[in-house]
Amino acid sequence: MLMNMKELLEVAYKHNFAVGSFNVANSEFVRVVIESAEEKNAPAIIQIHPNELELVGDDFIAYVREKCKNTKVPMAIHLDHGSSVKDVMRAIRNGYTSVMIDASHASFEDNISITKEVVKLAHDVNVSVEAELGTIGSNEGSSEAGADEILYTDANDAKRFVEETDIDTLAVAIGTSHGQYKHAGKPELKLDLLAEINQKVGIPLVLHGGSDNKDEEISQTYLHGVAKINLSTDMKSAFFQEMRRFLTDNRGAYEPDVIMPSARKAAQEIVKQKMDLFNSTNKANFYFN
């Protein structure tokens, strides 16, 4: 069942769970997400970054839409880190049900102005909008947007930003980064800041950089307004680690139907674990009452 993401996340926000939003770069990852979601009876979001769209091409989205429309669980298709109105319009024309405009590196006033323009365009055609305030870090190996220095979201700025832009969801910076943490220690998420932002804005919040963080902290975020958690690195790492192992042990293999299944299964195990962690397992029924 394909949905507008605003409607998808309103339920999660109300019932204190988070919907996993998973970056896909080919049809194998689409299967990973959808089959995991159906097994776990969990809502899910398939998101595609502009870099990933360049890899798969616009026609790929028609396939994704058809797969999502035929699922037994609620799904949305989301543009991850659109950096311009052009990115957003391309996504809308391709049939995404949700878009992100990331103008977080612009000035606060410019971020408001750009986001307002996107909201007007998207809401006119029933597409939801996510924006970002503050900056998410970027670790080595990530092709997603990110900054060398994390600028934490200010709660008062968040309140004004939401009121002036009429966005549906807000991505907040509370200490996460895209990619894998190469150092021994993982970041401490500022859960007190998250709680303050949630109290002031009253709309579903988004956590970017959901991979490689402490489970005990992630499990607290959806109690403080996070209704969407982005995940890419953990899922992709499991997929390609298993593929490397298989190809090393089976050097003569070349048929995709032999190579792909174990890699897909490894990625699915991660996705299913994350659905349990995000408390979205068995929550699909909430959308059919």
Side-chain angles (χ1 to χ4, degrees), residues 1-49 52 56 60-80 94-98 128 169 204 206-207 210-211 215 218-219 222 226-243 256-289:
M1 181 175 71
L2 185 58
M3 297 181 65
N4 175 296
M5 199 169 75
K6 178 181 179 180
E7 298 168 356
L8 189 73
L9 296 188
E10 281 177 345
V11 175
Y13 187 69
K14 178 181 177 182
H15 293 282
N16 295 120
F17 67 90
V19 180
S21 191
F22 304 94
N23 283 83
V24 304
N26 59 32
S27 60
E28 291 296 326
F29 287 107
V30 174
R31 284 191 62 183
V32 165
V33 176
I34 289 178
E35 290 176 12
S36 298
E38 291 190 329
E39 182 176 337
K40 284 292 184 178
N41 192 36
I45 299 162
I46 287 179
Q47 64 180 26
I48 303 172
H49 189 280
E52 293 163 331
V56 297
F60 181 73
I61 309 306
Y63 160 78
V64 178
R65 278 186 58 86
E66 195 64 21
K67 292 290 288 184
C68 289
K69 283 164 60 178
N70 292 326
T71 57
K72 302 172 184 177
V73 295
M75 305 283 297
I77 305 172
H78 178 67
L79 170 67
D80 186 29
N94 280 335
Y96 289 65
T97 61
S98 178
S128 59
T169 61
V206 179
L207 190 69
S211 292
D215 286 358
I218 292 294
S219 65
Y222 48 78
V226 169
K228 172 178 177 275
I229 300 178
N230 289 12
L231 192 103
S232 178
T233 303
D234 283 350
M235 174 183 70
K236 291 175 181 175
S237 294
F239 185 94
F240 288 110
Q241 285 172 11
E242 171 55 24
M243 182 177 286
D257 64 336
V258 174
I259 296 169
M260 295 297 183
S262 66
R264 190 167 62 241
K265 182 178 180 181
Q268 285 173 329
E269 290 306 309
I270 295 297
V271 170
K272 290 186 289 186
Q273 289 170 18
K274 296 298 181 179
M275 288 172 171
D276 289 343
L277 176 62
F278 301 164
N279 197 31
S280 61
T281 295
N282 288 324
K283 296 300 193 300
N285 294 343
F286 286 19
Y287 296 84
F288 300 106
N289 293 335

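Annotation: side chain of K228 is in contact with side chain of Q47 (closest heavy-atom distance under 4.5 Å). By the 4.5 Å heavy-atom criterion applied to side chains, E7 and V11 are not counted as neighbours. Considering only heavy atoms from C-beta on, M235 stays 4.5 Å or farther from F239 through its side chain. Within the 4.5 Å cutoff, the side chain of M243 has heavy atoms near those of the M260 side chain. A heavy-atom distance below 4.5 Å is not found between the side chains of K283 and H15. Side-chain contact between Y287 and M3 is present, with heavy atoms from C-beta onward closer than 4.5 Å. Contact check for S21 versus N230: side-chain heavy atoms found under the 4.5 Å cut-off. When side chains are defined from C-beta on, V30 counts as touching Y63, because their heavy atoms get closer than 4.5 Å.
In terms of heavy-atom proximity, F60 sits nearest to V56 at CD2-CG2, 3.5 Å. Closest of all the heavy-atom pairs between L9 and A227 is CD2-O, 3.3 Å. For the residue pair N279 and F17, the shortest heavy atom distance occurs at O-CB, 3.2 Å. Nearest heavy-atom pair, V19 versus A44, reported as atom, atom and distance to 0.1 Å: CG1-CA, 3.6 Å. The minimum heavy-atom distance between P261 and P256, with the atom names listed, is CD-O, 3.9 Å. Residue F22 comes nearest to V33 through the heavy atom pair CB-CG2, 3.5 Å, listed as atom of the first residue, atom of the second, then distance.
Under the 4.0 Å criterion applied to side-chain N and carboxylate O atoms, R31 and E28 are not assigned as salt-bridge partners.
Note that CD1 of I229 is 5.5 Å distant from CG of L207, once rounded to the nearest 0.5 Å. Atom CG in L2 sits 9.5 Å away from atom CD1 in I46 (nearest 0.5 Å). To the nearest 0.5 angstrom, T97 atom OG1 is 11.0 Å from L79 atom CG. In this structure, S128 OG and M5 CE are separated by 4.5 Å, a value rounded to the nearest 0.5 Å. A distance of 6.0 Å separates CD of E38 from OG1 of T71, quoted to the nearest 0.5 Å. Atom OG1 of T169 sits about 12.0 Å away from atom OH of Y13, to the nearest 0.5 Å.
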Candidate pair T281 and K272, rule side chain to side chain contact (heavy atoms under 4.5 Å, CB included), full reasoning = CA-CA 8 Å; T281 295; K272 290 186 289 186; over 6 Å; no
Intermediate values then yes/no, side chain to side chain contact (heavy atoms under 4.5 Å, CB included), F288 and M1 = CA-CA 11 Å; F288 300 106; M1 181 175 71; 3.8 Å; yes
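Side chain to side chain, N41 and N285 meet the donor-acceptor criterion of an N or O pair below 3.5 Å.
Side-chain atoms of N26 come within 3.5 Å of backbone atoms of F29 as a donor-acceptor pair (strictly under, hydrogens ignored).
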